Amino acid sequence: MVKRVGILTGGGDCPGLNAVIRGAVRTLIREYKCEVVGIELGFEGLMQGRGYPMTLDAVRGILHKGGTLLRTSNRGNPFDYPTKDDPNVREDRSAECLDNCRRMGIDALIAIGGEGTLKIADKMGDLGFPIVGVPKTIDNDVRQTDFSFGFQTAVSIATEAIDRLHTTAESHNRVMVLEVMGRHVGWIALHSGIAGGADIILIPEIPYKPEEIAKKIRLRQARGQQFDIIVVAEGAKRDGGDEVWADKGSKRLGGVAFRVAEEIGELSDLEVRVTVLGHLQRGGSPEAIDRVWSTLYGNRAADFVAEGMWGMMTALQNGEIVPVPIKDAIGQLNTVSPDGPLIRTARALGISFGDGR
Ligand code: F6P
């Protein structure tokens, strides 16, 4: 029987992480009489053996708070970790990670994170370590779950930004280009663009043509609408072109809005302004809906531990949190279907995806 459970958050932070931690810790202690060890800084912390006992007191007052009490890191993959002698050379040091778990008396681990963290969790599971995953990402790019927590909050923040850009765009007869996050998928752009009434939405799944954007702007001008709102996902790319990187080495996307602005500037006489929303989409309090789902995600992760459902991930499917193998959720991303219902609705309402359809 599992007595002591470790819990960690890996990858970028996301609204709702604290609510998941709280849901898991409270359930583990109250329902299953387990002890809980909080691992700081994700797998990096586990490699360094950084754990502390988590009590009910430790998770009091955190439900509404953004960020993560346990802090997080997108470094520290134990299977590709810097060697002791040379930080530039990497090797598989997962055995040390397992040793640290043993040393801390951890019988099982709950790993809350996105694709990267879940891949590590899956490999640890393959080594025989009892592990349960919880999908986390504002990008909504993890498969097998209808929505990952944090996504709805990010969409609301982006929608508010669009609302604010609308009034200033209208006052000045300008084209406003808003760049939102999402890595290689367009969920945040699509949802916030529809919610905010964008005129043009550019997503990685539908490569755009600058002349089609310009055509849409001219069409609106001919109808007397002298401003435009363009929402562009950071991973969007021009037809036949590549994604725009802020830092290719560290695989950080960013800057596509400036490229789009330049392209439109050459084809239209309207003034163009760019806003990059950035980490505002990740910081701060989770919305009520994310607090509810996060609480359920945490609670069910604790249930899965108690039931010995190793290698499983908590997934939201049709209003319920169900177990799915971590293996089924990783590898491929949850992308927007270019012919899916949301795209069809958006097109029917006159939103352009810059592809001329
Ligand atoms: O995966 C979440 C996310 O916010 C992406 O949308 C974005 O591309 C990336 O993380 C930014 O990463 P960082 O916090 O390292 O700048």
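Counting starts at 1 for both ligands and their atoms, in listed order. Sequential numbering from 1 along the given sequence is applied to the chain's residues. Here the structure is a predicted model, which is why all the values come from computation and not from measurement.
With a 6.0 Å cutoff to the six-membered ring centre and a 45° limit on the axis angle, R220 counts as a cation-pi contact of F227.
Contact check for I217 versus I200: side-chain heavy atoms found under the 4.5 Å cut-off.
For the pair E262 and R259, the salt-bridge criterion is not met [side-chain N within less than 4.0 Å of a carboxylate O]. Remark: K215 does not engage E211 in a salt bridge, criterion side-chain N to carboxylate O under 4.0 Å.
Using a distance-only test at 3.5 Å, with no hydrogens or angles considered, a donor-acceptor pair links the side chain of R282 to the main chain of D13.
The stretch residues 119-132 participates, sequence neighbours left out, in these side chain to side chain donor-acceptor pair (under 3.5 Å) pairs: E115-K119, D122-K327, D126-K327.
Within 4.0 Å of ligand 1, counting heavy atoms only, the contacting residues are N74, I138, D139, M181, G182, R183, E234, R252, H279, R282.
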